[in-house]
Structures are given as C-alpha cells and as structure tokens.
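No hydrogens, no waters, no symmetry mates; every other heavy atom, side chains included, goes into these values. Proteins come first, then strands; the chains are lettered A, B, ... in the order of their sequence lines, and each starts at number 1.
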Protein chains: 2
Amino acid sequence: MTKIKALPEPTLRRIPKYIHLLMQMKKQGVVHVSSATIADELGLDSIQVRKDLSLAGMVGKPKVGFDMTELVEGLMNILNWGNLKEAFLAGAGNLGEAILGYKKFNDYGLNIVAAFDNDESKIGKKIYGIEILPIEKIANMIKRMHIKIGVITAPPEHAQEVANLMIEGGIWAIWNFAPVHLKIPEDIILENVQLSHSLSALTYKLAEKIKTNDYKIPN
Amino acid sequence: MTKIKALPEPTLRRIPKYIHLLMQMKKQGVVHVSSATIADELGLDSIQVRKDLSLAGMVGKPKVGFDMTELVEGLMNILNWGNLKEAFLAGAGNLGEAILGYKKFNDYGLNIVAAFDNDESKIGKKIYGIEILPIEKIANMIKRMHIKIGVITAPPEHAQEVANLMIEGGIWAIWNFAPVHLKIPEDIILENVQLSHSLSALTYKLAEKIKTNDYKIPN
DNA sequence: AACCTATCGATATATTTTTATCGATATAAA
DNA sequence: TTTATATCGATAAAAATATATCGATAGGTT
C-alpha cells in the first residue's frame with residue numbers, strides 16, 4: 001500500500017459522501033465511475049473530486065474512470081470503517097437513546113457496548129439491549145476493557161466531568177454531543193457534534209435571505 | 001448598524017462557540033473580555049478571534065477589550081437568535097423525538113410547532129406537546145402557515161421525498177439529519193447534520209493514532 | 001504630566017484549499 | 001492502423017483562510 005500522508009480536513013469530510021454515493025451506485029450495478037459523475041451527483045467540482053481521490057491514494061484509468069469496488073473499499077479502508085471499535089456512551093437521555101438505537105453506526109466502526117448514567121432510576125435497565133451502568137464505574141471499565149472511544153451525550157453541566165472520567169480511564173477519542181467546549185489534553189482526539197452550531201449557520205443564512213427578499217414578502 | 005458583508009463560513013461556525021463561552025463568563029460577572037482570553041479558553045488564536053469579531057462588526061477598546069454585554073448581544077443578533085422561527089419536523093423516530101425534546105433549540109431561534117410522519121400508529125399522538133400529523137399534509141400546511149424551516153429526521157430512503165414535499169410547500173431552509181445527499185434547488189438553504197461524517201473523521205484520526213502508536217500497544 | 005503596557009485593528013505575509021490548464025493515455029471508432 | 005475523445009493526473013494559478021507584524025490608543029502608574 002502506498003503511504004498516504006494525513007488528509008486535509010475538508011477532504012476527510014467529503015470522503016463519507018463519496019462512500020455513500022458509491023455504495024448506492026454499486027448496488028445498482030455500476031462498475032466504473034468518473035470523477036465528473038461523482039461531482040455531478042454531489043454538486044461538487046470534478047477537479048476537486050479527482051484531487052480528493054488522489055490524496056486518498058486512489059487511481060483511475062483515462063477514458064474509464066475508477067473501478068467501483070476498488071474505490072469503495074479503498075475509501076472505507078482509509079476511514080477505518082469495517083474495523084469495529086468498542087465504545088462507551090455516557091448520558092442515557094433522549095439523545096443518548098437515539099444514538100444507541102441507531103445501529104447504523106456499526107457500519108462506521110462504532111460499536112457501543114455499554115451506557116453510563118448518574119440517574120439511579122435508569123441504572124440496570126437496558127436500552128436496545130445495551131445495559132446502563134452507574135457513571136462512577138466508567139473510568140475503571142474503560143481501563144479494564146481497553147475502550148478507545150467515548151461518546152458524551154450527557155447534559156452540558158456534566159460533560160466536562162464525564163470527559164475527565166473518560167480521560168482518567170485512558171480513552172483515546174471522544175465524540176462529544178454536549179454543547180460545551182471540552183478542555184482535554186492535546187493528544188486525545190475530539191470530535192464535536194454541536195447541533196446548535198449547525199442550526200446557527202442555518203438561521204444566519206435564513207436571516208440573510210429574508211433580509212434580501214424583504215422588499216417583497218412572499219404570500 | 002454598520003453594514004456587514006456575508007461572513008466567511010469558518011467564522012460563522014466559530015461564532016456560536018464565542019457566544020457560549022461569553023454567556024458563561026457573563027453569568028460569572030465578567031464585564032470585559034480580551035481576544036486573548038477568548039482564544040485561550042477555546043484553544044484558538046487571539047488574532048483569529050479579533051479578526052472574527054471584527055468581521056462581525058464588533059469593536060473593542062485597547063487595554064480593555066470588548067464589552068461583554070455588547071459582544072454577546074451583537075453576536076446573537078448576527079445569528080438571529082432570539083428571533084424565533086416556526087419550523088416543522090418530518091420523521092418522528094428516535095432522532096426526531098430527541099430533537100423535539102431538546103427545548104434548548106428555542107434559544108437558537110428554532111420553534112418546532114408540528115411533527116409529521118407516515119406511520120399510522122404515531123399520527124395523532126403528541127411528543128413533548130407537539131402533535132404528530134400525517135406527512136401528506138406537510139406541503140399544504142407549510143404554505144398556509146408560512147413555515148420557513150423544515151427539519152428532516154426521516155429515514156434515508158424517504159428523505160428526498162420529504163424534502164420534495166417541503167419544497168413544494170415553499171420552505172426556505174432545510175435542516176437535514178438523514179444520511180443522504182439531498183437534491184434541492186440552489187436558492188434553498190440546506191444545513192446537513194451527518195453524524196456518520198463526524199464519526200468518520202473520528203475513526204480516521206483514531207486509526208492514524210493507533211498506527212503511529214502500534215509499536216507499543218498500551219496495556 | 002510623562003511614561004508604561006495591554007490590547008486593538010490595520011496591513012502584510014504565509015498557508016491551505018479550491019479551481020484551472022494541459023499533456024498523457026486507454027479505449028472505441030473509422 | 002490511425003484517429004478521435006473521454007478521462008486521468010500533474011502542475012500552475014487563484015481564492016480563501018489563518019497567522020504575523022506593528023503602529024495607535026486607552027487607561028493605569030510613577
């Protein structure tokens with residue numbers, strides 16, 4: 001395998017889009033695909049697609065495009081999908097439950113094997129077959145089970161605390177859904193999902209749009 | 001008010017972080033804040049913070065920094081928080097329910113007033129006080145009620161269909177949680193929340209890290 | 001009052017990311 | 001076989017974003 005240097009962040013964020021599209025096309029029996037087709041489908045530029053794929057170490061053939069199977073597998077490989085990693089989730093509220101229920105994450109390498117909460121009434125119960133344990137145990141269990149990924153769906157006021165416990169246990173990566181800025185050591189991987197941030201971008205753009213269209217309010 | 005041109009996307013995505021931090025500091029009684037402090041707290045560069053704030057039209061004073069109240073209000077204003085917009089949600093599954101339950105979105109200008117689903121058994125029920133209606137009605141109701149924001153939490157195989165209905169009704173902005181690439185007219189605002197993409201970034205980085213640390217697996 | 005210093009904000013530079021250009025090549029058609 | 005063309009991939013240019021530099025100024029200190 002050719003050595004690939006770390007992918008630029010924007011490229012990294014486009015790769016899952018490619019994979020999704022390609023899996024879909026593959027299911028429909030397509031065996032070759034050109035950068036132009038991918039670009040078209042995703043509303044991107046074909047040059048950019050080619051660049052991304054090239055950065056990812058994929059090679060195509062002139063006049064033919066890329067081999068579908070090779071491409072899907074190559075990209076999935078890069079993202080390390082298919083290499084299932086066990087994870088713990090902390091915070092069995094609404095959002096936590098939604099995530100536990102979303103089995104699709106298995107396809108992306110995430111296998112949540114236990115959930116933790118501080119609410120007595122929840123402990124011992126099972127959600128989608130996953131047992132809820134007292135939060136005090138999380139550090140020890142991370143250590144014992146060599147868990148690498150922690151998912152934080154706790155309320156904001158407890159998120160830092162939970163992160164600290166995970167770090168204490170020796171976690172390697174945190175997928176954080178709490179709307180706070182976690183302070184964690186540099187060498188720990190942190191991915192934030194801040195729904196409110198995404199929503200902000202939307203409301204900002206909507207406000208802009210309303211401003212420019214305001215001379216004529218559509219009725 | 002000074003005229004502000006459209007903010008760069010990266011700046012736009014940092015503004016909510018500023019707001020969160022600032023609201024927290026304000027609660028603790030802080031009345032002035034410097035770009036350096038903000039940068040420190042969020043792990044950013046003070047120059048970048050100053051640049052962002054300047055783009056947002058905020059002005060500070062040498063030796064003092066920025067007035068906390070002015071700053072928070074100014075930024076919130078830009079994102080149009082506090083100006084509540086009514087929205088419809090389509091897809092009352094796990095994730096939809098989690099979002100309906102997360103009342104905090106009100107703080108960010110989103111007020112979900114009705115949910116829609118195609119599951120007979122759900123229709124007529126209420127989740128967190130929000131009624132679930134048959135999906136067939138969504139286009140008409142968007143039209144009648146002048147709804148501007150649609151939230152899609154439907155399963156991927158129905159997402160495009162749902163988007164089409166929303167567009168038919170005259171929606172202005174779509175907040176999409178379904179893991180598909182929606183094809184919509186250019187003038188409609190689209191914000192995607194692709195949890196799997198965020199997860200991909202995490203697993204990629206984790207794989208990188210494991211690769212580099214592999215010579216000595218920590219035990 | 002004169003000086004010192006934290007901090008801003010303007011301008012300049014560097015880096016990253018996107019987009020453009022174009023020669024090379026695999027396949028199909030003439 | 002020769003020619004035509006779709007498509008790649010390398011290189012170059014442009015645009016966007018982040019970082020650095022530095023003079024100006026508010027407010028405290030001597």
Measure from the side chain of B:I47, starting at C-beta and using heavy atoms only, and say which of C:dA20, D:dA20, C:dT18 lies closest. D:dA20

Rounded distance in Å - CD (B:E9) to C1' (D:dA15): 16 Å

Separation of D:dA18 C1' from B:R13 CZ (nearest whole Å): 18 Å

Interatomic distance, A:L53 CG vs D:dT7 C1' [rounded to whole Å]: 13 Å

Quick one: sort the B:Y108 and B:H20 rings into parallel, tilted or perpendicular, breaks at 30° and 60°. perpendicular

Rounded to the Å, how far apart are B:F66 CZ and D:dT25 P? 17 Å

Out of C:dT5, C:dT21, D:dA20, minimum distance to the side chain of B:K63 belongs to C:dT5

Please determine, for the side chain of B:P62, which listed nucleotide (D:dT25, C:dA20, C:dG9) has the closest atom? D:dT25

Among C:dT17, D:dT21, D:dT7, the nucleotide that comes nearest once only the side chain of B:R50 is considered: D:dT21

From CD of B:Q48 across to C1' of C:dT11 the rounded distance in Å is 18 Å

Residues in side-chain hydrogen bond (donor to acceptor under 3.5 Å, both in side chains) contact with A:S35, at least two apart in sequence or another chain: A:R50

Is the phosphate of C:dT25 approached by A:K61 (side-chain N or O, under 4.0 Å from OP1 or OP2)? no

Minimum-distance nucleotide (side-chain atoms of B:V64 versus D:dC8, D:dA26, C:dT19): D:dA26

Heavy atoms under 4.0 Å, any strand shown: does B:S54 hit a base, just sugar-phosphate, or nothing? nothing

Using atom CG of B:L71 as one end and atom P of C:dG9 as the other, report the distance to the nearest whole Å. 11 Å

Taking the side chain of B:K51 as its heavy atoms from C-beta onward, which of D:dT19, D:dG27, C:dT21 lies nearest to it? D:dT19

Take atom CG of B:L55 and atom P of C:dA10, then tell me their distance rounded to the nearest Å. 11 Å

For A:S46, answer base if it contacts any base atom (sugar-phosphate contacts may also be present), sugar-phosphate if it contacts only those atoms, and nothing otherwise; contact means non-hydrogen atoms under 4.0 Å. nothing

Rounded distance [0.5 Å steps], CD1 in A:I19 versus CZ in A:R14: 13.5 Å

Could you tell me whether A:K205 and B:E9 have a side-chain N and a carboxylate O separated by less than 4.0 Å? yes

I want to check something: taking the side chain as every heavy atom from C-beta on, are A:Y204 and B:I78 in contact at a cut-off of under 4.5 Å? yes

Check the phosphate of D:dT7 against A:S35, side-chain N and O only, distance under 4.0 Å to OP1 or OP2. Yes or no? no

With DNA chain C as reference, determine whether A:D52 or B:T37 sits nearer its 5' end, using the nearest nucleotide of each. B:T37

Taking the side chain of B:P10 as its heavy atoms from C-beta onward, which of D:dA20, C:dT18, D:dT17 lies nearest to it? D:dT17

Within the pair B:R14 and D:dA18, is there a side-chain N or O less than 4.0 Å away from OP1 or OP2? yes

Rounded distance (Å) that lies between atom P of D:dC8 and atom CD of A:E70: 13 Å

Only distances under 3.5 Å count here; give the side-chain donor-acceptor pairs of residues 25-33 of chain B to other protein atoms, sequence neighbours excluded, each with its distance to 0.1 Å.
none

